[in-house]
Amino acid sequence: MQIEAPLPSERVVPSAPFTITGIDFAGPGHDTTSVGMSWCLWLVGLHPWVQDNIRNELDDIFGDDERDITMEDLKNMKYLESVIKVCFATFPVKKKLN
């Protein structure tokens, strides 16, 4: 099935310099965060007992309650916080400067 739509008569796409600036503005932190979280998920996946401990901690905090997470909940996630810190210490995503 093919859908045809008329092309707009006015320019819709912004000029190239604006587009590049927007990408540069939105880009910092995106790659490092995704790479870091990928390493964390990989490491946690290798250690089922860590997964169980994280699950138990989250069950203790939330139980069967299907509510939104709060800042107080985040403060109570000590084990998960430790796991994330160990992951980022094991595989730092930002190069160290001399």
Side-chain angles (χ1 to χ4, degrees):
M1 181 174 162
Q2 217 173 20
I3 300 174
E4 293 185 22
L7 294 173
S9 58
E10 296 180 19
R11 184 182 178 118
V12 177
V13 179
S15 63
F18 179 77
T19 304
I20 292 170
T21 304
I23 291 170
D24 291 342
F25 179 73
H30 181 269
D31 187 48
T32 53
T33 303
S34 63
V35 169
M37 291 311 297
S38 295
W39 279 117
C40 281
L41 291 171
W42 180 73
L43 285 172
V44 170
L46 292 177
H47 301 90
W49 59 274
V50 173
Q51 294 178 46
D52 292 339
N53 290 340
I54 293 170
R55 185 180 308 108
N56 290 337
E57 181 178 65
L58 295 176
D59 285 343
D60 289 344
I61 294 170
F62 294 104
D64 292 332
D65 194 8
E66 293 186 21
R67 60 182 171 80
D68 290 338
I69 192 169
T70 64
M71 286 303 295
E72 191 63 32
D73 295 331
L74 287 175
K75 292 176 186 175
N76 292 327
M77 294 181 192
K78 301 293 184 190
Y79 187 78
L80 180 58
E81 180 181 359
S82 297
V83 169
I84 292 171
K85 286 181 179 180
V86 168
C87 290
F88 279 101
T90 305
F91 292 103
V93 292
K94 188 173 182 181
K95 293 182 181 179
K96 295 180 181 178
L97 301 175
N98 293 332

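In this chain, numbering begins with 1 at the start of the sequence shown.
When the ring pair (Phe, Tyr, Trp, His ring centres under 6.0 Å) test is applied to Trp42, the partners found at least two apart in sequence or on another chain are Trp39. Legend: residues meeting salt bridge (charged side-chain N to carboxylate O under 4.0 Å, His left out) with Asp64, ordered by chain and number and at least two apart, are absent. With sequence neighbours excluded, the residues that form a side-chain contact (heavy atoms from CB on, under 4.5 Å) with Glu72 are Thr70, Lys75, Asn76. Not counting sequence neighbours, Asp60 has no partner by the salt bridge (charged side-chain N to carboxylate O under 4.0 Å, His left out) test. Checked against side-chain hydrogen bond (donor to acceptor under 3.5 Å, both in side chains), Asp59 has no partners two or more places apart in sequence or in another chain.
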CA sep, side-chain torsions, deciding dist, call: Val35, Phe91, side chain to side chain contact (heavy atoms under 4.5 Å, CB included):
CA-CA 10 Å; Val35 169; Phe91 292 103; over 6 Å; no
Trace of the side chain to side chain contact (heavy atoms under 4.5 Å, CB included) decision for Thr90 with Lys85
CA-CA 8 Å; Thr90 305; Lys85 286 181 179 180; over 6 Å; no
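Pairing each heavy atom of Cys40 with each of Phe88, the nearest pair is SG-CE1, 4.0 Å. Scanning all heavy atoms of the two residues, the minimum distance from Arg67 to Ile61 falls at NH2-O, 3.4 Å. The two residues His47 and Leu43 come nearest to each other via the heavy atoms ND1-O, 2.7 Å.
Under the 4.5 Å side-chain heavy-atom criterion for grouping Ile, Leu, Val, Met, Phe, Trp and Tyr, Val83 is not connected to Leu41 through any hydrophobic cluster. Criterion: ILVMFWY side-chain heavy atoms under 4.5 Å apart, direct or through other members. Under it, Val86 and Ile84 are not part of a common hydrophobic cluster.
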In a table with atom names and distances, give each donor-acceptor pair under 3.5 Å that connects a side chain of residues 48-57 to protein atoms at least two apart or in another chain.
| from | atom 1 | to | atom 2 | distance (Å) |
| --- | --- | --- | --- | --- |
| Gln51 | NE2 | Val44 | O | 3.1 |
| Asp52 | OD1 | Arg55 | NH1 | 2.9 |
| Asn53 | ND2 | Trp49 | O | 3.4 |
| Asn53 | ND2 | Tyr79 | OH | 3.2 |
| Asn56 | ND2 | Asp52 | O | 3.2 |
| Glu57 | OE1 | Leu80 | N | 3.0 |
| Glu57 | OE2 | Lys78 | N | 3.1 |
| Glu57 | OE2 | Tyr79 | N | 2.7 |

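Listed by first and then second residue, the salt bridge (Lys or Arg N to Asp or Glu O under 4.0 Å) pairs involving residues 33-49 amount to none (not counting sequence neighbours).
In Asp65, the CG atom is crowded: over 12 heavy atoms of neighbouring residues, nucleotides or ligands sit closer than 6.0 Å.
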